Every structure is written in C-alpha cells, then in structure tokens.
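Here's the structure, in structure tokens; my notes come after.
In what follows, residues are counted from 1 in the order of the sequence shown. No experiment lies behind these values; they were computed from the predicted model shown.
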Amino acid sequence: MDGIEITGSPIQRELIFDEHSVAAWLMGRQAGKSFAARQRIMLKLCTIPSYKFMYIVPWYSQGAVNIYLELVSGPLRDYIVKAKVQPFCQFWLSNGSYFQLRCWNKNPTAIKSQTCDEIFCDEIQNFTHTDQFWSILSPLLGISAALGRSGKLTIAGQHRGVNSWYYRDIFLPGYKTNSSTHRSWQVPSRDGLFFQTEAGKAYLARQKSLMTPVDFQQEYECEPTANRNATFRPSDLATITRGVVPEFREQGHTYVMGLDIGGQKDLCAVSVVDAVSGLTVHSEAFALGTPYPVAAKLADDVARKWDVSVCIIDATGGGAPGQAADDTILNYFRTAIGKPIELLYWGGRVQQRIVRNTILMMDEATLKFQRGDTSPFQLSIPASLRGLLDELSSYEFHATRGGTYYQAQEGCHDDLAASWIMALWGIAEKWHYKGPSKEDLRRFMNGDEESNWIQTRRKEAFERIEKMAGAAPVSVR
C-alpha cells in the first residue's frame with residue numbers, strides 16, 4: 001500500500017519487525033511503546049492480506065481510544081473500507097485485513113472472534129482475571145495440534161515485581177536467552193528518543209524529584225523488583241531472610257501456628273513461628289482441593305510436631321471473603337487440632353491492624369514480648385521457605401474510599417502469607433500463654449466441657465502422673 005512508511009529508533013524497529021511467537025515489551029513511560037505498537041499494526045495490516053490483528057487493553061482509556069483514532073485517521077484512512085465503534089472499535093482494509101480493539105477487565109469471556117494472526121495485550125500489569133488468560137487467548141491464536149499453526153502473542157506494559165504471573169510465564173523465557181519462540185525487551189525511559197534531548201533529560205530529572213523512589217523505578221526505570229503496591233519492602237524481606245529451620249522443636253521455646261483454611265480456589269496453609277526467637281520454623285500449603293477433614297489432620301500433624309501453644313485460625317476461610325466460614329468446616333479443624341484455638345475474622349480494619357503489626361515487627365530490630373525476657377525476638381524466615389518469601393514479595397495493598405485492603409498480586413497466592421501474618425499477630429497479642437483461648441472459654445461457657453484446652457490440660461495431667469508413678473500409659477478419652 002502506497003504512502004505507508006515504517007519508522008522508529010533501532011530499539012523500536014526491533015520491536016516492530018520481531019517475528020517470535022511470544023514477545024514481551026516491558027518499557028518505561030514514554031519510551032516509545034505506543035508508537036512502536038501503531039507502526040507494527042500498520043506493517044502487518046498493510047503488507048499481509050487478510051491479516052487479523054486484535055489489540056486488547058485492560059479497559060477503554062483515552063490512550064487506547066487514541067491509538068484507534070490515530071490508525072483510522074492516519075495513513076490507513078485511504079484504505080479503510082468499513083469501520084465501527086459498536087459493540088467495540090474495529091475496521092476493515094481493502095486488502096481484507098481486519099483490526100479490533102477489545103477490553104479485557106470488564107468481561108474477558110466476552111472476547112470471542114475468529115482465529116487471529118496476532119494478539120497484542122497492552123498495559124499487561126493492569127490485567128485482572130489472569131487465571132483465564134491462556135484459556136481464552138490460546139483458541140483465538142489457533143494454538144492447537146489440529147490446526148497445525150499458531151498466531152503471535154505480544155504483551156506490553158511495565159514490571160510489577162519479579163513474582164508477577166507474566167514475568168515468570170512470558171518475560172523470563174525470552175529475556176537474554178536464545179529461545180526460538182520467545183523474545184523479551186526491558187527498556188527504561190532514558191533509552192527513549194525523547195529523553196535523548198536536553199528537554200527530555202530535564203523532564204526525567206524533574207519526575208524523579210517529584211516521585212517516590214519505588215514509583216520512579218516502576219514507571220521510568222523499568223526495574224523488575226519495583227512494585228508500588230508492595231506491602232513489604234524488598235529490603236525488609238532481604239533483612240529477615242536468615243536462619244536455618246531446626247529439625248525438631250527446641251526445649252523451652254514456645255511456638256504459635258497460623259492456619260488459613262482456604263476455599264475452592266485457595267490453598268489451605270499453615271505457618272509456625274517460634275515466639276521466643278522469631279524464627280519461622282514451618283510453612284506449608286496443602287494441595288489445592290485437599291478435603292477439609294484431610295487438611296485438618298495434616299494441620300494437626302504440624303501442630304503436634306512443634307507442640308504449638310495456640311493455633312490461630314482464619315474464620316473467614318472456606319467461604320466468601322470477609323464472611324464467616326461455615327461452622328461445619330471450622331468444626332473439622334476444631335475437632336482435629338488438639339491445641340488451644342483462637343478464631344480470627346480476617347477483614348476490614350482487623351486486617352489492617354494485623355498487617356501493620358507485621359510491618360512493625362519488620363521495622364523493629366529487636367522486640368520483647370515477655371517481662372524480664374532478655375532474649376531478642378528477631379523476625380527470621382529461612383531461605384529454604386521459598387514459597388512464603390515469594391508470597392510476601394507479591395503481597396499488595398490497595399487503598400480505596402472504604403479503607404486499605406491487602407491481597408495477593410493478580411495471578412499469585414497469599415495463603416502462606418496470611419497464615420504467617422496470623423501467627424505473628426498471635427505472638428504480639430500473647431495468645432501463646434498457657435491458658436484457655438477465647439474460643440475454648442466460649443465453648444466451655446456454652447456447656448461444651450470437651451474443649452480443646454480442657455482435653456489438652458487433662459492429657460498433660462495424666463502424663464505428669466504417669467511420669468511420677470512410672471505407671472503404664474493411661475488411656476485418655
């Protein structure tokens with residue numbers, strides 16, 4: 001097609017002419033991503049007849065609409081034979097090529113089309129419903145053995161921590177590798193054409209002075225570890241990554257266990273923290289779909305191994321977020337775990353207090369929890385507990401009008417993180433002392449004499465009698 005000229009900087013031309021099956025453009029603000037995307041769209045639509053190009057954005061923003069308007073009103077306008085803006089923006093060229101602009105976050109399952117030759121996902125860091133990403137896009141790209149072909153997928157946007165789903169699944173396989181199918185670029189803003197000028201350099205310096213370091217690193221430096229919504233700073237996590245998990249419990253130490261029951265799409269997880277030293281000695285998530293009675297038995301095994309003084313259970317687990325779990329589900333764990341139990345309703349301002357307590361523990365070099373205790377409590381997570389550290393690094397906060405809430409980054413889990421945070425809250429609240437828990441007191445006042453605390457105290461009394469008398473083991477019912 002006459003009048004169509006493809007231009008760009010050396011880096012932009014690499015992006016425009018790339019032919020790998022999967023590409024990742026992770027770039028700083030104003031580094032030239034949108035320009036390169038428009039150039040690639042024009043190149044493919046104009047040079048390949050009947051080429052089908054789908055451009056997906058998280059939501060319809062002014063920037064996304066501008067790309068569509070610049071395409072239909074720019075060099076392509078003389079070749080467009082039909083254009084529509086409802087139910088979504090789309091146009092057809094005289095050579096049979098077709099372009100459509102779709103919105104992902106509102107309802108990704110509504111994105112249906114004939115097989116596309118190329119799909120471009122912009123602002124990938126803002127995509128939600130990422131568990132449906134591959135199941136929806138793979139058929140559209142013709143990724144199947146029957147078709148014997150595959151379209152091209154490109155994601156573009158910014159980093160959001162090294163545990164983001166697209167960093168692991170799409171960016172890393174193509175970054176500084178010799179892959180024949182994947183290619184990834186990481187381009188900070190300073191490499192963009194505008195920032196090579198004196199005006200651009202001055203603008204970048206001004207932005208750096210006005211923004212927080214983590215915001216600037218994420219927006220302009222294209223730093224993989226930067227995440228402005230991260231609850232815990234990478235430096236803090238690095239500081240507490242220390243120690244070695246002991247094989248058995250230490251004599252004279254007290255242990256507290258946090259238990260996140262989970263749900264249909266969440267894992268059941270437990271974490272155990274030494275209330276004396278601050279060392280995390282156990283962190284484990286049970287397989288997704290583990291029946292609640294089985295999970296309760298596994299949790300009891302952990303509680304017995306470390307002889308925990310108290311188990312804090314997330315009472316919102318096994319149900320809708322912020323709502324009480326079905327008593328039937330909780331009863332599995334109440335019955336199975338032979339240790340004092342505290343119930344915690346994980347939501348709203350309670351969640352804020354609990355998470356902020358953890359942040360305080362990270363900030364304080366030494367904390368003391370018992371009067372006269374001279375041993376320092378130093379928060380520690382051994383590097384061997386990699387799953388917990390990964391979840392903490394992808395644990396995010398979101399400020400809304402209704403307050404601040406915390407959850408895992410899109411595409412990640414937070415079950416281990418939640419169980420660990422609850423264990424620390426139990427230590428801060430001194431729930432690990434040798435007395436009945438609030439839950440045990442409630443059950444005792446309701447006439448349930450066989451509460452966990454009473455059972456445990458009765459068993460301990462018999463064990464003391466056996467030890468003193470040297471008698472055969474006594475059966476405790």
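Checking side-chain atoms of Q12 against main-chain N and O of S9 turns up a donor-acceptor pair under 3.5 Å. In this structure a side-chain-to-backbone donor-acceptor pair under 3.5 Å is present from R77 to G74. With hydrogens and angles disregarded, no donor-acceptor distance shorter than 3.5 Å links the side chain of S138 to the backbone of S135. Within the 3.5 Å criterion, the main-chain N or O of R190 finds a donor-acceptor partner in the side chain of Q196. N105 places a side-chain N or O within donor-acceptor distance of the main-chain N or O of T128, the cut-off being under 3.5 Å. Within the 3.5 Å criterion, the main-chain N or O of V272 finds no donor-acceptor partner in the side chain of T280. Within the 3.5 Å criterion, the main-chain N or O of D390 finds a donor-acceptor partner in the side chain of S394.
Heavy atoms from other residues, nucleotides or ligands lying under 6.0 Å from CZ of R168 number more than 12.
Counting heavy atoms from C-beta on, the side chains of I381 and W420 come closer than 4.5 Å. No side-chain heavy atom of C89 sits under 4.5 Å from any side-chain heavy atom of K84. The shortest distance between side-chain heavy atoms of L141 and L153 falls below 4.5 Å. Looking only at side-chain heavy atoms (C-beta outward), M422 and M257 stay at 4.5 Å or farther from each other. Two residues are said to be in side-chain contact when any heavy atoms from C-beta on lie closer than 4.5 Å; L237 and L392 meet this criterion. You'll find the side chain of I6 reaches within 4.5 Å of the side chain of F17, heavy atoms only. Using a 4.5 Å cut-off on side-chain heavy atoms (C-beta onward), R38 and I67 make contact. Inter-residue side-chain proximity for I240 and F232 is flagged as unmet; no heavy-atom pair is nearer than 4.5 Å.
E19 has a carboxylate O that lies under 4.0 Å from a charged side-chain N of K44, or vice versa, which qualifies the two as a salt bridge. Checked for salt-bridge contact, K152 and D18 meet the test: a charged N lies under 4.0 Å from a carboxylate O.
Between the CG atom in L385 and the CD atom in E391 there is a gap of 11.5 Å [rounded to 0.5 Å]. Distance CG/D122 to OG1/T154: 10.5 Å, rounded to 0.5 Å. Note: Y55 OH to C121 SG = 10.0 Å, rounded to the nearest 0.5 Å. The CG atom of D260 sits 7.0 Å away from the CG atom of D414 when rounded to the nearest 0.5 Å. Between L93 atom CG and L45 atom CG the span is 5.5 Å, to the nearest 0.5 Å. Taken from CH2 in W104 to CD1 in I136, the straight-line distance is 4.0 Å, to the nearest 0.5 Å.
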### Task
Walk me through it: do Q378 and S380 pass the test side chain to side chain donor-acceptor pair (under 3.5 Å)?
CA-CA 6 Å; Q378 293 187 325; S380 306; 5.7 Å; no

### Task
Just do the salt bridge (Lys or Arg N to Asp or Glu O under 4.0 Å) check on E14 and R183 with the steps written out, would you?
CA-CA 10 Å; E14 282 186 29; R183 179 71 191 277; 3.3 Å; yes

### Query
Hey, mind stepping through I312 and L344 against side-chain contact (heavy atoms from CB on, under 4.5 Å) and telling me if it holds?
CA-CA 7 Å; I312 297 96; L344 191 63; 4.0 Å; yes

### Task
Go through the steps to decide whether F91 and L76 satisfy the test side-chain contact (heavy atoms from CB on, under 4.5 Å), and finish with yes or no.
CA-CA 10 Å; F91 63 78; L76 295 181; 4.1 Å; yes

### Query
Given L288 and D266, is the side-chain contact (heavy atoms from CB on, under 4.5 Å) satisfied, shown in steps?
CA-CA 7 Å; L288 188 64; D266 296 321; 5.8 Å; no

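Between Y395 and Y406, the two ring planes are parallel [angle under 30°; tilted spans 30° to 60°].
Judged purely by distance below 3.5 Å, without hydrogens or angles, the side chains of Q100 and R102 pair a donor atom with an acceptor atom. Using modelled atom types and a 3.5 Å distance limit, the side chains of W165 and E410 yield no donor-acceptor pair. If you check the side chains of Y98 and Q90, you find a donor sitting under 3.5 Å from an acceptor. Side-chain N/O atoms of Q125 and E123 include a donor and acceptor closer than 3.5 Å. Counted by atom type alone, Y220 and Q207 present one or more donor-acceptor pairs between their side chains at under 3.5 Å. Checking T181 against S21 by side-chain atom types alone, no donor-acceptor pair falls below 3.5 Å. Counted by atom type alone, N227 and E396 present one or more donor-acceptor pairs between their side chains at under 3.5 Å.
Contact between N357 and A428 at its shortest, heavy atoms only, is OD1-CB, 3.3 Å. Taking each heavy atom of T177 and L172 in turn, the nearest pair found is CG2-O, 4.1 Å. Between S180 and H20, the shortest heavy-atom contact is O-CD2, 3.7 Å. P382 approaches L389 most closely through the heavy-atom pair O-CD1, 4.0 Å. H182 and G174 get closest at one heavy-atom pair: CB-CA, 3.6 Å. Minimum interatomic distance between Q186 and H159 (heavy atoms only, all atoms of both residues): OE1-NE2, 2.8 Å.
The aromatic ring centroids of F120 and W25 lie less than 6.0 Å from each other. Aromatic pair W92/F99: ring centres not closer than 6.0 Å.
Residues satisfying the salt bridge (Lys or Arg N to Asp or Glu O under 4.0 Å) criterion with R228, sequence neighbours excluded, are D215, E219.
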